[in-house]
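A short worksheet on the structure shown next.
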Amino acid sequence: MPFRLLVPLGLLCALLPLHHGAPGPGGTAPDPAHYRERVKAMFYHAYDSYLENAFPYDELRPLTCDGHDTWGSFSLTLIDALDTLLILGNVSEFQRVVEVLQDNVDFDIDVNASVFETNIRDPNFMEVIFYQTLHFVVGGLLSAHLLSKKAGVEVEAGWPCSGPLLRMAEEAARKLLPAFQTPTGMPYGTVNLLHGVNPGETPVTCTAGIGTFIVEFATLSSLTGDPVFEDVARVALMRLWESRSDIGLVGNHIDVLTGKWVAQDSGIGAGVDSYFEYLVKGAILLQDKKLMAMFLEYNKAIRNYTRFDDWYLWVQMYKGTVSMPVFQSLEAYWPGLQSLIGDIDNAMRTFLNYYTVWKQFGGLPEFYNIPQGYTVEKREGYPLRPELIESAMYLYRATGDPTLLELGRDAVESIEKISKVECGFATIKDLRDHKLDNRMESFFLAETVKYLYLLFDPTNFIHNNGSTFDAVITPYGECILGAGGYIFNTEAHPIDPAALHCCQRLKEEQWEVEDLMREFYSLKRNRSRFQKKTMSSGPWQPPAGPGTTSSENQDETREKRPTKQKIPLLSCPSQPFTSKLALLGQVFLDSS
């Protein structure tokens, strides 16, 4: 292609002049133990500030030391921070918060919740940042449920196939199901928790909002035995796959009623990112070759049309022509995703490109003009995003390269120097002059701090290599948990893949187990009354009578049981907005 990048790679100015951390051997590599404690102190400064000044609101406003609701008044910072508490080793606070959530969170409220949240951060900025309330709530609750026993919480009989946090996650997910009732199976962006989808709801949904369900919903189906969650997530994934262009790319926004692309800009960043992430993580979690094959096909198209000198640009999805030569901070998850499929060399090259931008500004601006080597107007902010740190954590686990620890060190130093205030850590409104904004997003505690801590804590239980595990007894037999291989959802809530094998995946399987158990106990009760049958006398049948069911009646009962239900497809949550999504090559909405 004719477009060539003029990347100012000489702009490798130091992030900040002071690195106070104790150096490692040789005076160069950061000392993991030192920075691990620094990260823990960061967490508690932010967490305690939230509890003291903002709880039970969703988020902390650190400059005014108060709180505000952003997602429906679910105390989402508390939900998001819950599994981070356990990763940091604070078992007692984890237990306390679990009790608080059980007593205070209520989903029966008249509020429009985003299936995939679209939030205009500043009406003066043409900026759209995507969050997933789904993952704030369902993912956080599922993760906390599966970690409860490790945290010393007294779990109920039948765990992990039952429990209060699991029931809360299921309740929240059921509130979202009406969004999937569209002709295409792709979900609306917003659903009212009491009344379902509003009649005037926009049918335009971001690609990521359609394709970012399989991790949570498949886990929920496996634990509850209700296939509806995984079914709708898979339908949504397949509809996106079927909607790709002839050159193998997907756009940024689609009409979930017609299946027509509204924004045809294609890239790996905002509005698309977690779709690719969930194809890979869903494939690993479910051992699903089809999902991985889909991602690998996308990966070929992405390399062919959007990659330039280890950067990734935005292109027109049908033609492959460059529409926007920028790097978005949300794209920094990509090297970590590459590491999950074993593409380490390409991952490190791309990571180092992104790291040069961090060094230039002390953070990643929301948009970075690659040819010009500078920020894009009105996209100069850094809301303490985790994506580059996430990639560093994955790549360090894969390579042990000390350069990745240096990024962690730089992140700790810059965030503390620029963003730390009396009541927590504030969003950086402008990386050029380090002005601050009055918001501390919940993902700071859920993701940024968590990935930083795990980068510097190689022996954390999350990194378990299978040498230790927990054996639990479920209604369906013995189950192994906590052996490692955790899958992080897009909000960094870890899911134990072993848990998917602890409980029945379908109700039919549960009925088979119940029938077998009934037959076993019937045999046990009547064993003394019957002579052992010979091979010629045919199979033994339990007698009909009180407390038993004849084989004929059992067959009749099975026929009456409900068949696997099919429900219409879902959509992606968003707040009202104009639909000029691709104006002047921009893939963000004009809020003016």
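Please read these numbers as outputs of a predicted model, since none were measured by experiment. In what follows, every heavy atom counts, from backbone to side chain, and hydrogens, waters and symmetry copies are set aside.
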For residues 286-295, run the donor-acceptor check on the side chains, cut-off 3.5 Å, and write out each pair with its distance to 0.1 Å, sequence neighbours left out.
residue : atom : partner : partner atom : Å
Gln287  : NE2  : Ile284  : O            : 2.8
Asp288  : OD1  : Lys290  : N            : 2.9
Asp288  : OD1  : Leu291  : N            : 3.1
Asp288  : OD2  : Arg234  : NH1          : 2.9
Asp288  : OD2  : Arg234  : NH2          : 2.9

**Asked** Listed by chain and number, what are the side-chain hydrogen bond (donor to acceptor under 3.5 Å, both in side chains) partners of Lys300, not counting sequence neighbours?
**Response** Glu297
**Asked** Any Lys/Arg nitrogen of Arg409 or Glu413 sitting under 4.0 Å from an Asp/Glu carboxylate oxygen of the other?
**Response** no
**Message:** For Arg303, give me all partners under side-chain hydrogen bond (donor to acceptor under 3.5 Å, both in side chains), at least two apart in sequence or on another chain.
**Reply:** none
**Message:** Testing the 3.5 Å rule here: is there a donor-acceptor pair between the side chains of Tyr50 and Tyr57?
**Reply:** no
**Request:** State whether a side-chain donor-acceptor pair under 3.5 Å links Ser442 with Asp80.
**Result:** yes
**Message:** Can you tell me which residue among Glu380, Gln360, Gln328 is in a side chain to side chain contact (heavy atoms under 4.5 Å, CB included) with Tyr368?
**Reply:** Gln360
**Message:** Strictly below 4.0 Å, N to O, side chains only: are Asp310 and Arg349 in salt-bridge contact?
**Reply:** yes
**Message:** Whether the Trp311 and Glu331 side chains hold a donor-acceptor pair (N or O, under 3.5 Å, no angle test) is what I'd like checked.
**Reply:** no
**Prompt:** Which of these passes side chain to side chain contact (heavy atoms under 4.5 Å, CB included) with Met42: Thr448, Leu445, Ile415?
**Reply:** Ile415
**Prompt:** Between Glu377 and Arg379, is there a salt bridge with N-O shorter than 4.0 Å?
**Reply:** no
**Message:** Can you confirm whether the side chains of Gln264 and Asn252 place a donor and an acceptor under 3.5 Å from each other?
**Reply:** no
**Request:** Would you kindly check if the NZ (Lys) or CZ (Arg) of Arg239 is within the cone defined by 45 degrees around the ring axis of Trp241 and under 6.0 Å from the six-membered ring centre?
**Result:** no
**Asked** To the nearest 0.5 Å, what is the distance between OG1 (Thr84) and NZ (Lys450)?
**Response** 3.5 Å
**Asked** Is the NZ or CZ atom of Lys359 both under 6.0 Å from the centre of the six-membered ring of Phe361 and within 45° of that ring's axis?
**Response** no
**Prompt:** Would you say the side-chain atoms of Thr212 and Ser274 include a donor-acceptor pair closer than 3.5 Å?
**Reply:** yes
**Prompt:** Do Asp410 and Tyr355 have side-chain N/O donor and acceptor atoms under 3.5 Å apart?
**Reply:** yes
